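These notes concern the structure reproduced below.
Order of the sequence lines fixes the chain letters, A, B, ..., with proteins taken first and strands second; residue numbering starts at 1 for each chain. In this text, all values refer to a predicted model and were calculated from it rather than measured experimentally.
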Number of protein chains: 2
Amino acid sequence: MDGASLRERKKQRTREALIDAAFELFSTKGFEATTVDEIAESVEVSSRTFFRYFGSKEDVATSLQLQQFLDVYSALDERPADEPVMTALRRACVQVLRAYEEGGTDATQFACVMELVQKSPAVLSRSLEMCTEQLDELARRVAVRMGVDPVSDPRPKLVAAVSSAALQVAVRAWREDEPDEKVSDLADRAFALLEAGINYPAARA
Amino acid sequence: MDGASLRERKKQRTREALIDAAFELFSTKGFEATTVDEIAESVEVSSRTFFRYFGSKEDVATSLQLQQFLDVYSALDERPADEPVMTALRRACVQVLRAYEEGGTDATQFACVMELVQKSPAVLSRSLEMCTEQLDELARRVAVRMGVDPVSDPRPKLVAAVSSAALQVAVRAWREDEPDEKVSDLADRAFALLEAGINYPAARA
DNA sequence: ACGACATCTGTCATGCACTGACAGATTCGC
DNA sequence: GCGAATCTGTCAGTGCATGACAGATGTCGT
């Protein structure tokens with residue numbers, strides 16, 4: 001479990017302490033109302049040190065989301081190779097979301113992140129930026145799955161971008177319109193619509 | 001042309017002057033290297049006034065992109081009502097892009113914005129945020145076109161988000177991999193792939 | 001166990017983005 | 001012209017973020 005050195009373990013502890021303290025303050029005072037100094041103080045660390053662990057105040061809020069991307073990558077690797085890409089991506093995402101929904105400790109922070117993303121423009125902004133950063137990696141993995149070249153063939157990038165967009169729509173619908181549903185179900189439905197094609201005809205007059 | 005009052009015209013002039021000065025400085029010194037003070041000074045205005053016209057330094061860079069969204073809305077209204085949504089959206093976007101490509105003055109600023117978005121994380125971040133803000137309006141218009149309710153039916157939101165994602169992929173491919181192509185053509189192809197469906201099977205071993 | 005070394009941390013100083021408050025200037029409606 | 005509404009500059013202040021340096025702490029060889 002902890003094969004790392006003392007120094008490594010200490011770093012990991014302060015990192016987690018910073019995240020916990022930040023979420024605690026964010027959820028009580030709100031994102032913009034809490035200063036980096038406050039976060040650092042409640043862990044008894046200088047604010048200078050905070051910025052040695054996180055590039056910005058937003059980064060500490062989106063660190064959990066980054067982890068989710070990594071989880072999706074793992075889940076995607078487990079899907080059978082002959083599954084169509086969107087279907088594989090759909091199952092991988094839904095599986096990861098369900099794990100967080102039923103995953104005890106993380107579940108509350110998971111919900112907290114969603115709230116921050118919706119209420120704080122700066123967090124939304126950083127979150128979207130991180131998503132596009134991860135799109136390259138996701139596209140690369142999709143390309144491998146399709147057996148095509150990830151730079152000359154635009155399809156993997158499209159699949160990655162479109163999937164990410166579907167997830168964002170699902171999360172947003174959950175927070176704004178359908179709070180009673182589970183995010184995993186909404187995401188599942190969004191992906192299902194994508195698989196079926198989306199060039200809908202206009203309604204008949 | 002200028003049916004507005006003196007005051008309104010003056011405001012419009014300083015606003016445009018600020019945008020021009022900002023792009024001039026951004027393209028020579030880079031985004032993060034130019035300060036708001038410099039932008040304001042070169043228009044002979046206090047930096048406090050700058051923030052009365054733009055909410056942030058990033059906003060002045062993305063103001064042009066916002067205008068493009070409005071242009072797409074207009075173009076979409078002109079498309080025949082019986083055209084399938086993705087097809088209509090495709091033609092509307094391509095038309096707007098072509099107008100900018102061949103549109104003299106705007107063309108250089110247009111390219112400058114793309115460069116800023118790619119090179120400056122803060123601009124990318126704000127740009128993405130603005131896109132999601134506009135997604136609501138776009139989804140609403142798509143819903144009207146489809147003759148469905150924009151809040152209970154998730155399909156309009158999906159169409160909007162997916163289209164936006166396709167555009168982002170096209171722009172990015174242009175700047176990174178295919179600088180010789182025209183953005184409008186790349187976007188056209190991306191939309192074509194979406195219309196055809198994207199649940200690609202894996203390559204045969 | 002001890003010293004040489006690498007790494008981590010706090011302090012200090014600095015720059016820049018952004019905001020509220022107030023006062024003076026400009027424009028507008030009459 | 002004159003009062004009212006609006007715009008602008010100045011000032012002061014907060015918060016985020018970064019570089020530089022010195023001291024503290026962990027690491028490793030002997």
Handout entry: B:Ser125 side chain to B:Glu58 side chain, donor-acceptor N/O pair below 3.5 angstrom
Key = no
Handout entry: d(CD1, B:Ile39; P, C:dA17) in whole Å
Key = 8 Å
Practice task
Would you please confirm or rule out a distance under 4.0 Å between OP1 or OP2 of D:dT27 and any side-chain N or O of A:Ser5?
Solution key: yes
Exercise for the section: For the residue pair B:Gln12 and B:Glu8, confirm or rule out a side-chain donor-acceptor distance under 3.5 Å. Expected result: no
Handout entry: Closest nucleotide among C:dC8, D:dT8, C:dC16 to the A:Arg7 side chain
Key = C:dC8
Exercise for the section: Assign B:Glu58 to base, sugar-phosphate, or nothing according to its heavy-atom contacts below 4.0 angstrom with the strands shown. Expected result: sugar-phosphate
Practice task
Round to the nearest Å and state the distance from B:Leu6 atom CG to C:dT26 atom P.
Solution key: 12 Å
Practice task
Using a heavy-atom cut-off of under 4.0 Å over every strand shown, decide if B:Glu8 touches base, sugar-phosphate, or nothing.
Solution key: nothing
Exercise for the section: Side chain of A:Thr35 only, please: which of C:dA17, D:dA17, D:dG15 is the nearest? Expected result: D:dG15
Problem - OP1 or OP2 of D:dC7 under 4.0 Å from side-chain N/O of B:Lys11 - result: yes
Completion exercise
B:Asp37 CG to C:dT14 P, in whole Å, measures 18 Å
Practice task
May I ask you to check whether B:Gln95 and B:Asp71 show a side-chain donor-acceptor distance below 3.5 Å?
Solution key: no
Practice task
Report yes if a side-chain nitrogen or oxygen of A:Lys10 is closer than 4.0 Å to either non-bridging phosphate oxygen (OP1 or OP2) of D:dG26; otherwise report no.
Solution key: yes
Practice task
Round to a whole Å and report the spacing from CD of A:Glu38 to C1' of D:dC16.
Solution key: 13 Å
Fill in the blank from the handout: Of A:Arg52 and B:Phe54, the one whose nearest nucleotide on DNA chain C sits closer to the 5' end is A:Arg52
Problem - Basic-acidic side-chain contact under 4.0 Å: B:Arg98, B:Asp185 - result: yes
Completion exercise
B:Glu44 CD to C:dA25 C1', in whole Å, measures 17 Å
Exercise for the section: Rounded off to whole Å, could you give me the CZ-to-P distance for the A:Arg9 and D:dG26 pair? Expected result: 11 Å
Exercise for the section: Quick one: label A:Ser47 by what it contacts on the DNA or RNA (base, sugar-phosphate, nothing), any heavy atom closer than 4.0 Å. Expected result: nothing
Practice task
Measure from CZ on B:Arg126 to P on C:dC18 and round the result to the nearest Å.
Solution key: 11 Å
Practice task
Would you indicate whether A:Lys119, at its atom NZ, is surrounded by more than 12 heavy atoms from other residues, nucleotides or ligands within a distance under 6.0 Å?
Solution key: no
Practice task
Kindly say if B:Ser46 contacts the phosphate of D:dT8, meaning a side-chain N or O under 4.0 Å from OP1 or OP2.
Solution key: no
Practice task
Calculate the interatomic distance between B:Arg48 atom CZ and D:dC7 atom P; express it in whole Å.
Solution key: 13 Å
Handout entry: B:Tyr53 vs D:dT8: side-chain N/O to OP1/OP2 distance below 4.0 Å
Key = yes
Exercise for the section: Select from B:Phe51 and A:Val45 the residue whose nearest nucleotide in DNA chain C is closer to the 5' end of that strand. Expected result: A:Val45
